[in-house]
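The chain is numbered in sequence order, starting from 1.
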Amino acid sequence: VLAMAGGRNFGQSQYNRVLLTKRPAATAFVPFVYTAAFEDKWFPGSRIIDQRMDNTRVMLGATSGTLGELGVETFNIQHDDTTSVRKALIQGKNNCAARLGLEIGVEKVTALAKRAGFGEMPADPAVLLGRQEVSVKDMALAYTMFPNGGTRPEGIHFVTRIENPEGRTIWKRAEEGAKQVAVTDPAAAWMTHSCLEESMLLDIGTASNARELGLKPMPVAGKTGTHINSSDLWFAGYSSEVTCAVWVGLDKREQVYPFAFGRHTALPVWVDVMNASVREGKEPADFAEPQGLSLVELCELSGDVASDACLEMRPDPADPAREKLTKISYMEYIRGGSKLGNVCKLHTIGGETAATGFIAEPGVPVPPTGPTGVNPALAAADAIPVRISAATVLGKDPYTSVVASAPAEAEEEGKEGKDPDKKGGDDEKSVVVKPAIPVAPAIPAAPVPVVSPGTAPRPLLIEPGKADIE
């Protein structure tokens with residue numbers, strides 16, 4: 001333990017809330033729900049329902065009504081009908097976390113939580129959204145599994161060495177060889193980590209305001225936490241060197257203030273601590289990606305394997321006032337050896353499914369696109385042909401682009417002709433020749449349809465858990 005603050009003022013209260021108090025984990029617990037799912041056939045690109053949810057399935061704060069979306073850390077609550085698991089975690093969607101936990105089983109989640117260091121938990125659906133009480137110490141210890149490839153220390157310690165009055169070290173804790181506890185596999189830990197990292201980088205993330213709060217440039221990841229009625233507010237996160245958990249609340253278990261969120265209360269404290277932790281020789285480094293993962297190119301809208309037809313009109317970054325045709329796919333992590341069976345049918349070429357997208361090992365670049373964001377090969381293949389209406393060769397034909405007509409053609413003309421390039425007398429007969437004008441294919445009735453953002457030619461009938469992975 002590098003630093004610990006058990007309260008606001010030691011002179012007023014000597015009660016150490018880090019070690020002695022247990023409070024609801026709130027939505028800071030949901031990364032462990034997603035990690036339990038990633039141990040199975042789920043991956044960050046899996047699709048999950050994102051709709052209003054009957055609270056009787058979770059009973060968090062009430063036994064009826066609609067489940068509150070307090071995890072999104074904002075007043076602007078929107079549902080996407082279906083969304084990716086990655087986006088659900090980044091945006092803190094409570095209904096998605098609850099659906100996912102119920103799909104894989106509450107027991108699987110509580111078993112992982114126990115390995116993470118939280119201890120025994122009841123098999124109660126409300127634990128999926130953090131109703132169970134945990135200590136700040138346990139939260140920090142559990143989060144160390146994400147930067148450590150799925151393992152955590154067996155416990156925490158405060159004393160590293162003991163010195164006598166003369167300053168001579170008489171006991172020192174061995175830094176190497178500390179016992180590690182396996183919580184999950186490296187692939188599952190990395191999938192969750194990649195989402196927590198984007199929750200602090202992307203504008204849609206629940207902790208996207210960390211940079212505005214003054215966070216120094218360094219690789220970090222973490223998750224906000226807000227409990228019902230804003231009574232318990234959290235932020236837990238880490239760099240490659242330090243893991244830190246912050247809880248904000250009142251001893252009386254009352255509302256901190258109306259509509260308080262973890263991103264506005266606990267995150268600023270976490271930012272200050274992480275900035276202070278950076279010191280010479282202990283600068284945070286980039287997180288090391290584990291082996292056993294592959295990348296697959298997915299369509300942003302359908303969630304299926306992307307094809308060359310996954311294009312939509314999007315604002316041009318160079319000129320937001322105009323739109324351009326843009327490839328709407330992204331690269332997603334998946335366990336090596338897994339296979340996705342569905343190719344995007346939301347975007348097609350002429351009603352037919354286009355060539356599949358890109359599947360590669362990590363580090364392999366995505367195929368290049370043209371200056372407008374369109375694959376050059378697709379642009380050529382999908383171009384509307386121009387019909388040729390007249391001969392394109394005038395005068396002498398240096399490339400011999402004319403061919404002889406069939407004899408029947410000459411009879412239909414009713415006369416014999418002479419080859420203008422053939423030398424010979426008048427008694428030499430020849431046949432009529434005509435320019436070889438290419439016959440252009442029929443012009444399509446309309447260009448390839450471009451689907452506008454938010455519209456879908458077909459309904460997305462996707463069930464949670466059906467990632468279609470072999």
Check against ring-ring contact (aromatic ring centres under 6.0 Å, His included), Y333 and F38: CA-CA 11 Å; Y333 288 105; F38 295 152; over 10 Å; no
Do the charged groups of [X] and [Y] touch, with an N to O distance under 4.0 Å?
X	Y	result
K87	E300	no
E120	K114	yes
K324	E312	no
D185	R335	yes

Atom CD of Q14 with >12 non-hydrogen neighbours under 6.0 angstrom: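 Enclosed: over 12 neighbouring heavy atoms sit under 6.0 Å from CD of Q14.
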R211 atom CZ: more than 12 heavy-atom contacts under 6.0 Å: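 For R211, atom CZ is crowded (more than 12 foreign heavy atoms under 6.0 Å).
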Residue pair N76, T74: steps toward the side chain to side chain donor-acceptor pair (under 3.5 Å) verdict: CA-CA 5 Å; N76 184 22; T74 179; 5.7 Å; no
Please confirm whether the backbone N or O of [Y] pairs with a side-chain atom of [X], one donor and one acceptor, at under 3.5 Å?
X	Y	result
T151	N148	yes
T160	R173	no
N9	G11	yes
T27	G71	no
E197	P219	no
W270	C244	yes
T82	R47	no
S338	I334	no

Output field: ring centroids F43/Y34 closer than 6.0 Å: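 No: the rings miss the under 6.0 Å criterion.
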Ring center gap for F287 and Y238 short of 6.0 angstrom: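 Between F287 and Y238, the centre distance is under 6.0 Å.
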Hey, are the side chains of [X] and [Y] touching, using non-hydrogen atoms and a 4.5 Å cut-off?
X	Y	value
P24	R253	yes
L128	V106	yes
P147	T243	yes

Test side chain to side chain donor-acceptor pair (under 3.5 Å) applied to D232 - qualifying residues, sequence neighbours left out: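 Testing D232 for side chain to side chain donor-acceptor pair (under 3.5 Å), a comparison that skips the adjacent residues, returns R23, W247.
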Selection residues 273-282 - residue pairs positive for side chain to side chain donor-acceptor pair (under 3.5 Å), sequence neighbours left out: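 For residues 273-282: none.
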Partners passing side-chain contact (heavy atoms from CB on, under 4.5 Å) against E198 (at least two apart in sequence or in another chain):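 E198 satisfies side-chain contact (heavy atoms from CB on, under 4.5 Å) with R86, I90, L202 once adjacent residues are dropped.
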Pairing residues for S13 by the side-chain contact (heavy atoms from CB on, under 4.5 Å) criterion, not counting sequence neighbours: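 side-chain contact (heavy atoms from CB on, under 4.5 Å) list for S13, sorted by chain: Y15, R17.
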Working for side chain to side chain donor-acceptor pair (under 3.5 Å), residues S329 and E297: CA-CA 6 Å; S329 62; E297 185 180 10; 2.5 Å; yes
Shortest non-hydrogen contact between A306 and C299, atoms and distance: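 Result for this residue pair: CB-N, 3.7 Å.
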Aromatic ring pairing F146/F32, orientation class (parallel under 30°, perpendicular over 60°, tilted between):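 Answer is tilted, since the angle falls between 30° and 60°.
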Residue pair E69 / N94, side-chain donor-acceptor N/O under 3.5 Å: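 There is no such pair between these side chains.
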Ignoring hydrogens and angles, write down the donor-acceptor pairs under 3.5 Å from the side chains of residues 138-145, residues two or more places apart or on other chains.
unit_1	atom_1	unit_2	atom_2	d
D138	OD2	S135	OG	3.2
Y143	OH	A28	O	2.7
T144	OG1	L141	O	2.5

Contacts of E39 that satisfy salt bridge (Lys or Arg N to Asp or Glu O under 4.0 Å) - sequence neighbours left out: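 Only K108, R115 meet the salt bridge (Lys or Arg N to Asp or Glu O under 4.0 Å) criterion with E39.
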Chi angles and distances behind the side chain to side chain donor-acceptor pair (under 3.5 Å) call for T206, R263: CA-CA 7 Å; T206 58; R263 67 178 309 199; over 6 Å; no
Chi angles and distances behind the side chain to side chain donor-acceptor pair (under 3.5 Å) call for R99, N95: CA-CA 6 Å; R99 293 179 201 275; N95 82 91; 3.1 Å; yes
